[in-house]
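These notes concern the structure reproduced below.
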Amino acid sequence: MTEDERTSRATAFLEQIASRHSCRSFSSEPVASATIEAAIRAAGSAPSGANRQPWHFAVLSTPGAKTALRVAVEEEERNFYGGMGGSEWQGLLRGLGTTAHKPYLELAPWVIIAFGITRGVDDSVPNPYVTESVGIACGLLLTALHEAGLATLVHSPTPARFLNRLCRRPGNERPIAIIVVGHAAEDATIPEAAALRKPLDQISSWL
Ligand code: IYR
């Protein structure tokens with residue numbers, strides 16, 4: 001590539017990825033499992049501490065699994081919005097319009113739960129940089145899904161150990177993110193507060 005080509009590809013990618021926004025209003029339109037598989041393979045190509053690849057993606061699509069997830073998440077979120085989350089948290093979330101009501105967990109065709117593998121079953125040495133590695137992998141997953149024309153939402157479970165039971169994952173794995181995947185509903189909107197992006201001079205310093 002020439003320098004000009006490089007810059008123009010980087011700029012084109014910026015435009016493409018900057019059009020991704022978190023979606024909280026999904027349609028039930030199906031998405032082929034092959035698309036989800038390819039996106040998870042992309043996520044699995046991420047760099048990780050000591051190349052331990054400390055991730056596991058539990059993929060939910062059956063009505064039974066998604067309903068069980070919604071029931072458990074909403075119960076936890078009712079506690080959060082009922083005050084357990086504290087007023088500082090509620091202040092930070094103002095403008096995003098989030099509530100404990102999460103119908104999209106059932107409506108969207110796919111929900112991917114990213115687990116971090118804290119250590120191998122027989123290993124006494126913990127995997128290094130689990131959260132960071134899984135975070136990078138989730139970034140690639142979101143990018144791949146966006147590239148495939150799909151809408152996504154990252155929902156962070158706290159503490160959500162119930163996800164191990166629900167996804168039948170062992171105790172050496174820790175849920176890190178719930179990623180809802182599908183098509184945006186016709187009437188989905190982006191809250192003003194969510195559309196704001198910090199400018200380059202606020203997110204970088206050049207030494
Ligand atoms: N988990 C709650 C609250 C929430 C927390 C964060 I951090 C957000 O970025 C958005 C929402 C919920 O999903 O409603």
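All residue numbers refer to positions in the sequence shown, counting from 1. Quantities reported herein were computed from a predicted structural model and do not represent experimental measurements. Every number for a ligand or one of its atoms is a count from 1 in the order of the listing.
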Neighbour count >12 (heavy atoms, 6.0 Å) for atom CZ, Arg168: no

With under 30° as parallel and over 60° as perpendicular, where do the rings of Tyr104 and Phe26 fit, or are they tilted in between? tilted

What pairs of donor and acceptor atoms, side-chain ones from residues 185-193 against any protein atom, are under 3.5 angstrom apart with sequence neighbours left out?
none

Any side-chain heavy-atom pair from Trp55 and Leu141 closer than 4.5 angstrom? no

Mind checking whether Phe57 and Ile179 have side chains closer than 4.5 Å, heavy atoms only? no

Could you give me the CA-CA distance, side-chain angles and deciding distance for Gln53 and Asn51, then say whether side-chain hydrogen bond (donor to acceptor under 3.5 Å, both in side chains) is met? CA-CA 5 Å; Gln53 303 169 54; Asn51 194 29; 3.1 Å; yes

In order of chain and number, which residues sit within 4.0 Å of ligand 1 by heavy atom? Arg24, Glu77, Phe80, Tyr81, Trp89, Leu93, Thr98, Thr99, Lys102, His155

